[in-house]
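Report on the structure given below.
What you see is a predicted model, and the numbers here were worked out from it, not measured in a lab. Side-chain atoms are counted along with the backbone in the values below, which use heavy atoms only and exclude waters and symmetry mates. Counting convention: from 1, in listed order, for ligands and their atoms alike. For the single chain, residues carry numbers from 1 onward in sequence order.
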Amino acid sequence: MWVVPESEIAGLMTPEAAFDAVEAVFAAMARGDARNFPVVREAIGHEDALYGFKGGFDGAGMTLGLKAGGYWPNNAGHGLINHQSTVFLFDPDTGRVSAAVGGNLLTALRTAAASAVSSKYLAPQGAKVLGMIGAGHQSAFQMRAAVRFGNFEKVIGWNPHPDMLTRLADTAAELGLPFEAVDLPTLGEQADVIVSITSAFEPLLLDGHVKGPTHIAAMGTDTKGKQELDPALVARARLFTDEVAQSLSIGEFQHAAAQKLISESDVIPLGQVITGQHEGRGNAEITIFDGTGVGLQDLAVARAVVELAKEQGKATKVEI
Ligand code: NAD
C-alpha cells in the first residue's frame, strides 16, 4: 500500500484539485454512482475524545475507503491540533488496502472546497462581498477557497470571540482584499455570500439580519445540537446540502426539521444542481448550502493526493 504522510499534503494538494474532486463526487452521488455509508461517531470515555468513521464507495471514480479519527480536545498539551484523522483507501476489486493518507489538512481543504462548489452554483450573480462568520482554524481555508473561486472585492466578518478576528484580517490581507469587522445585522445586509464556520450551539445569524439576494454556506454544524442559523431563516430559503439524511440529522437543517418548518422534500442535493437535474438558485432570494461533511469528499481528495504523490515520488510503498 502507498503511504502519504500528513507532512507531504501541503506540498501536493492544490485548492483546484480539491475543488474538482469534491464537485465530481457530489455529481456522482446525485447520479446514484456513489454512496456514503452510515457514520459511526462515539465518545470513547478517554481524554473526552470523539472517535468515528466516515466511509463510502464511489463506483464512478472506483474509490472505496474510510476516514477514521475525530476530536481530542486536550491535544494542545501534546503539541497537536484537536482534529486528527487518517484516510484509508481499498482496492474495490480485491478489498486489499491500497493507501493510508494523512487526513488533517485534507479535511480543511475538502470542507472549503464544498462551500466554494456551492457558491459556484448558487451565489447570486455579480457577488462582490464575502461575509465570514467564524474565525477558527477552518475559517482561513474557507476564505481562501471562496476568494479563489469567486470574484469578491471585499471581505467582512464577525466572530463570537472578537479577539480571533485577526485571523480573518490576516487572511484577507494575504489575499489582497480589504477586510472590515462588522456586526451581524451589517454582515447579513451587505454580504452577497456568507460562510459560517463556528462551533455554535445556538443561532447566530437571524432571519431579520439577511437581506437577499444572498447565498449562505453553513459549514460549522456537523453534530447533533450544533446550530448557526435561525430556523426561520432556513424556512425562508431554498435549501441544498451534500447529503440529505445527514443534513436533517446532524447538519444545520436538523433544527428547522425538528420544528416541522421544513421537510425532507425541501432539501436538494447540491449534486443535482451540478448535473443539471435541478435549476439551483432560480428566483430564490436566499439559498443555503448545509455542508455536513461526507466520507466520499474525504475519499475523493485522498485519491487525488495519492495520484499526485505517486507522480512526484512523494508516496512510500509498504507491504502489509
Ligand atoms: P476552532 O476551534 O478553530 O474555531 C471555533 C470557532 O467557533 C471560532 O470561530 C470560535 O469563536 C467559535 N466558537 C467556539 N465555541 C463557540 C460557541 N460555544 N458558540 C459560538 N461560537 C463558538 O474550530 P474550526 O476547526 O475552525 O472548526 C469550526 C467548526 O467547523 C467546528 O464546529 C467543526 O466541527 C466544524 N467543521 C465542519 C466540517 C464540515 O465538513 N462541515 C469540517 C470541519 C470542521
For [atom], what's the nearest protein heavy-atom neighbour? Residue, atom name and distance, please.
| atom | answer |
| --- | --- |
| atom 9 (O) of ligand 1 | N159 OD1, 2.6 Å |
| atom 32 (O) of ligand 1 | K226 NZ, 2.7 Å |
| atom 36 (N) of ligand 1 | D222 OD2, 3.4 Å |
| atom 26 (O) of ligand 1 | Q138 N, 2.9 Å |
| atom 31 (C) of ligand 1 | S199 OG, 3.4 Å |
| atom 21 (N) of ligand 1 | P160 CG, 3.1 Å |
| atom 14 (C) of ligand 1 | H161 CE1, 3.7 Å |
| atom 35 (C) of ligand 1 | G220 O, 3.5 Å |

Side-chain contact, heavy-atom cut-off 4.5 Å: [X] with [Y]?
| X | Y | value |
| --- | --- | --- |
| H137 | N82 | no |
| P203 | L229 | no |
| Q142 | T111 | yes |
| K67 | T107 | yes |
| I288 | F253 | yes |

Q. Can you list the ligand 1 atoms lying under 4.0 Å from a non-hydrogen atom of M164?
A.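 What qualifies from ligand 1 is 8 (C), 10 (C), 11 (O).
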**Q.** Contacting atoms of ligand 1, where contact means under 4.0 angstrom from a heavy atom of G134
**A.**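 Within the 4.0 Å cut-off of G134, ligand 1 contributes 9 (O).
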Examine the proximity of ligand 1 to [X] and report which part, side chain or backbone, both or neither, has a heavy atom under 4.0 Å away.
| X | result |
| --- | --- |
| Q297 | neither |
| T292 | backbone |
| M219 | backbone |
| T198 | both |
| A200 | both |

Q) Is E202 in contact with ligand 1, taking contact as a heavy-atom separation below 4.0 Å? A)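 False for this residue.
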Q) Can a non-hydrogen atom of R110 be found less than 4.0 Å from any atom of ligand 1? A)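 Judged by the 4.0 Å heavy-atom criterion, R110 does count as contacting ligand 1.
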Q: May I ask you to check if ligand 1 and G291 share an N or O to N or O distance below 3.5 Å?
A: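 Indeed, backbone or side chain, G291 has an N or O that close.
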Q: Before signing off on this row, confirm whether T221 and ligand 1 have an N or O atom pair separated by under 3.5 Å.
A: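 Checking ligand 1 against T221, no N or O pair falls under 3.5 Å apart.
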Q: Check the hydrophobic clustering (I, L, V, M, F, W, Y; side-chain heavy atoms under 4.5 Å; chains of links allowed) and say if M29 and F240 are grouped together.
A: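 Cluster IDs for M29 and F240 match.
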(Q) Quick one, Y71 with Q84, criterion side-chain hydrogen bond (donor to acceptor under 3.5 Å, both in side chains). Give me CA distance, side-chain angles, the key distance, then yes/no. (A) CA-CA 6 Å; Y71 188 73; Q84 290 293 327; over 6 Å; no
Q: Please check if atom CD in E174 has more than 12 non-hydrogen atoms from other residues, nucleotides or ligands closer than 6.0 Å.
A: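 Counting neighbours around CD of E174, more than 12 heavy atoms of other residues, nucleotides or ligands fall under 6.0 Å, so yes.
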Q. Which residue from V294, I197, T223, D242 reaches closest to atom 28 (C) of ligand 1 through any of its heavy atoms?
A.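 Heavy atom nearest to atom 28 (C) of ligand 1 belongs to I197.
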Q. Evaluating non-hydrogen atoms only, which member of N82, L50, T111 is closest to atom 42 (C) of ligand 1?
A.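 Closest candidate by heavy-atom distance is T111.
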Would you tell me whether [X] and [Y] have side-chain atoms, one donor and one acceptor, within less than 3.5 Å of each other?
| X | Y | answer |
| --- | --- | --- |
| D242 | T292 | yes |
| K54 | S85 | no |
| T287 | R281 | yes |
| H215 | S118 | yes |

Q) Can you check whether a protein heavy atom sits less than 4.0 angstrom from atom 3 (O) of ligand 1? A)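 Yes.
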Q: Without swapping roles, check the side chain of E153 against the backbone of V129 for a donor-acceptor pair under 3.5 Å.
A: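 Checked: no pair found.
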